[in-house]
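Single-structure report; data block below.
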Amino acid sequence: MARGRFITFEGGEGCGKSTQVRRLSAALEREGIEVLVTREPGGTWLSEEIRRLIKDQLADAPCARSELLLFLAARAQLVRKVIEPALVAGRWVISDRFSDSTFAYQGYGRGLPLDFLRMANDFACDGLRPDLTILLDVPPGTASARLRHREASRHQVADRIERAGEDFHARLRRGFAELAKAEPDRIITIDASGTPREVGEAIWKSLRRFL
Ligand code: T5A
């Protein structure tokens, strides 16, 4: 049986990844492709517990190094228990965030050394890399307006990472752009400032070229 494909979605806060993950998995299913959707951090019991600790822990917020190790522990569990078995069984896997988030957030955002992050990440993933990464790029004003709208409509409050300052989010955007520049064959940047439908169509066009 042919190995499945591994697609990841990346981008800053409120860029619309989760919305597009849902759209793409539905479109692939319509083409008869069996898709497993997961997210990071999360996707297994342990990884979801780590997600809760990382996102919501305000009283004793993790320092940059412990935050990194928590993300990597969540990823190691997800790769071993969920992603790799699905790929081996021929299913396609779409993950809402993966390694590039670590490089952007913990590297460019928190200032941890990228060389170390790459090595530690390879260890956590046992060398697994995405076949294709869709990077959704939106100007900061658009992203924060979307998040404000979501908070108001769902009575949600911003989590610990969403509350990091403007400088942090500007570093993330630059970081993602540099990662995409370094790996143009794997990372496709999509302008995500249009409607969900427009963005979905741009993704589908790029994916067809990739396929
Ligand atoms: N993190 C993660 C790290 O620091 N290191 C790591 O290694 C990893 C894996 C995860 C956090 O952890 C960090 C990054 C994150 O801070 P999360 O809750 O999963 O936390 O956060 P996000 O991944 O940022 O997910 P969000 O759900 O907050 O944002 P999305 O998925 O980008 O956006 P989405 O689709 O939920 O849309 C947000 C709102 O905008 C609307 C939606 O309806 C929704 O209300 N929307 C649009 N509105 C207008 N036009 C469009 N095109 C729209 N698309 C969506």
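Counting starts at 1 for both ligands and their atoms, in listed order. Numbering starts at 1 and runs along the sequence shown. Given the structure is predicted, the values throughout are model-derived calculations rather than measurements.
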If we number the atoms of ligand 1 from 1 as shown, the ones under 4.0 Å from a heavy atom of Thr102 are 6 (C), 7 (O)
Backbone or side chain, does any N or O of Lys55 fall under 3.5 Å from an N or O of ligand 1? yes
One should read off an interatomic distance between Leu117 CG and Asp122 CG, to the nearest 0.5 angstrom, of 11.0 Å
Note: heavy atom closest to atom 47 (C) of ligand 1, options Glu10, Glu198, Arg146, Arg75, belongs to Arg146
Ligand-residue contact atoms, ligand 1 with Pro196, heavy atoms, under 4.0 Å: 50 (N), 51 (C), 52 (N), 53 (C)
Mind checking whether Glu67 has a heavy atom under 4.0 Å from ligand 1? no
Candidate pair Tyr105 and Glu67, rule side-chain hydrogen bond (donor to acceptor under 3.5 Å, both in side chains), full reasoning: CA-CA 10 Å; Tyr105 280 76; Glu67 186 184 72; over 6 Å; no
Without swapping roles, check the side chain of Gln20 against the backbone of Pro196 for a donor-acceptor pair under 3.5 Å. yes
Please classify the Gln20 to ligand 1 contact at 4.0 Å (heavy-atom distances, strictly less than): side chain, backbone, both or neither. neither
Could an N or O of ligand 1 be found under 3.5 Å from any N or O of Gly194, whether backbone or side chain? yes
For ligand 1, is there an N or O atom under 3.5 Å from any N or O atom of Arg51? yes
Pairing of Asp96 and Lys17 as salt bridge, 4.0 angstrom limit: yes
If you apply the rule salt bridge (Lys or Arg N to Asp or Glu O under 4.0 Å), what do you find for Glu201 with Arg197, and how did you get there? CA-CA 6 Å; Glu201 282 168 0; Arg197 188 191 178 128; 3.3 Å; yes
Do any N/O atoms on Pro41 end up under 3.5 angstrom from N/O atoms on ligand 1? no
Strictly below 4.0 Å, N to O, side chains only: are Glu49 and Arg52 in salt-bridge contact? yes
Among Leu68, Thr19, Val199, the residue with a heavy atom nearest to atom 42 (C) of ligand 1 is Thr19
Taking heavy atoms and a distance under 4.0 Å, where does Thr195 meet ligand 1: side chain, backbone, both or neither? backbone
Polar atom proximity, Phe98 to ligand 1 (N or O, under 3.5 Å): no
Determine, step by step, whether Glu84 and Arg3 satisfy the salt bridge (Lys or Arg N to Asp or Glu O under 4.0 Å) criterion, reporting the C-alpha distance in whole Å, the side-chain angles of both residues, the deciding distance to 0.1 Å, and the verdict. CA-CA 10 Å; Glu84 192 56 41; Arg3 187 176 162 87; 2.8 Å; yes
Working note: Asp56 + Arg51, criterion salt bridge (Lys or Arg N to Asp or Glu O under 4.0 Å); need CA distance, chi angles, decisive distance, verdict. CA-CA 8 Å; Asp56 299 333; Arg51 177 186 180 90; over 6 Å; no
Closer than 3.5 angstrom, by distance alone: can the side chain of Asn121 be matched with the main-chain N or O of Ser99 as a donor-acceptor pair? no
For residues 132-142, the side chain to side chain donor-acceptor pair (under 3.5 Å) pairs (sequence neighbours left out) are Thr8-Thr133, Thr133-Arg186, Asp137-Arg173
Is there a heavy atom of Gln106 sitting under 4.0 angstrom from any atom of ligand 1? yes
Show the numbers, then the answer: is there a ring-ring contact (aromatic ring centres under 6.0 Å, His included) between Phe176 and Phe103? CA-CA 8 Å; Phe176 275 124; Phe103 306 143; 9.8 Å; no
Going by the order shown, which atoms of ligand 1 are within less than 4.0 Å of some heavy atom of Gly16? 30 (P), 32 (O), 33 (O), 34 (P), 35 (O), 37 (O), 54 (N), 55 (C)
Short list, please: which atoms of ligand 1 are under 4.0 Å from a heavy atom of Ser18? 27 (O), 30 (P), 31 (O), 35 (O), 36 (O)
For ligand 1, indicate whether the residue Lys17 contacts it via side chain, backbone, both or neither (heavy-atom separation under 4.0 Å). both
Quick check: Arg150 and ligand 1, any N/O pair under 3.5 Å apart? yes
Tell me whether Gly11 reaches ligand 1 (any heavy atom closer than 4.0 angstrom to a ligand atom). no
Under 4.0 Å from a heavy atom of Glu40: which atoms of ligand 1 are those, numbered in the order shown and with their elements? 9 (C)
Sequence-distant partners of Arg39, salt bridge (charged side-chain N to carboxylate O under 4.0 Å, His left out), two or more places apart: Glu48
